[in-house]
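Computation of the quantities below employed the complete heavy-atom set of this structure, encompassing side-chain atoms and omitting hydrogens, waters and symmetry-equivalent molecules.
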Amino acid sequence: TVTALLTQLAVLDQAIQDATLDSMAVQLGETRVDYGQHLVALRSRGTMLLKELSDLTGLQVRRDKYSLQPTWSVIATG
């Protein structure tokens with residue numbers, strides 16, 4: 001449902017914010033952490049959720065804030 005997708009997007013936004021802050025650490029003890037790949041995966045999920053929301057509602061996505069190369073669409077008027 002639309003509400004579930006919006007909730008998932010809100011949770012995803014928080015996860016991206018958290019991962020961005022955590023990305024300052026590259027190693028935890030003996031474990032190396034690749035937050036770059038993690039952020040790419042989160043952003044990809046965001047794009048997928050936006051597309052699903054667009055398909056469900058019939059509304060056009062004008063800006064994908066999750067894309068690594070954000071796209072803007074121009075809607076022609078009359």
Side-chain angles (χ1 to χ4, degrees):
T1 67
V2 171
T3 303
L5 286 171
L6 292 174
T7 299
Q8 289 180 57
L9 286 166
V11 169
L12 183 68
D13 284 345
Q14 186 62 53
I16 289 171
Q17 184 178 1
D18 293 345
T20 301
L21 293 174
D22 292 343
S23 68
M24 294 176 201
V26 292
Q27 189 163 343
L28 300 170
E30 301 275 328
T31 307
R32 287 195 61 79
V33 182
D34 188 350
Y35 283 103
Q37 283 300 106
H38 181 59
L39 282 168
V40 167
L42 290 172
R43 293 175 72 134
S44 176
R45 172 95 174 125
T47 294
M48 186 199 73
L49 290 172
L50 281 180
K51 179 169 179 3
E52 189 175 340
L53 185 62
S54 174
D55 291 345
L56 185 63
T57 62
L59 297 173
Q60 180 183 20
V61 173
R62 295 189 63 195
R63 183 178 73 90
D64 178 358
K65 73 178 190 176
Y66 301 103
S67 174
L68 295 176
Q69 297 176 350
T71 56
W72 291 84
S73 64
V74 177
I75 299 173
T77 57

Side chain Thr57, main chain Leu53, donor-acceptor under 3.5 Å: yes

Quick one: are Leu59 and Ser54 in side-chain contact, heavy atoms under 4.5 Å? no

To the nearest 0.5 Å, tell me how far Leu9 CG sits from Leu49 CG. 5.0 Å

Does a side chain donor of either Asp18 or Gln14 reach within less than 3.5 Å of an acceptor in the other side chain? yes

Flag the pair Lys65 / Arg43 as yes when at least one side-chain heavy-atom distance between them is below 4.5 Å, and no otherwise. no

Provide the closest heavy-atom pair for Leu39 versus Ala19 in the form atom of the first, atom of the second, distance. CD2-CB, 3.6 Å

Given 3.5 Å as the limit, does a donor-acceptor pair link the side chain of Ser44 with the main chain of Val40, or not? no

Indicate yes or no: does Asp64 engage Lys51 in a salt bridge with an N to O separation below 4.0 Å. no

Shortest non-hydrogen pair, Leu50 vs Arg63, comes out as CD1-O, 4.4 Å

Evaluate the side chain to side chain contact (heavy atoms under 4.5 Å, CB included) criterion for residues Leu12 and Tyr66: first the C-alpha distance (whole Å), next the side-chain angles of each, then the deciding distance (0.1 Å), finally the verdict. CA-CA 10 Å; Leu12 183 68; Tyr66 301 103; 4.0 Å; yes

Working to the nearest 0.5 Å, report the span between CG of Leu42 and OG1 of Thr47. 11.0 Å

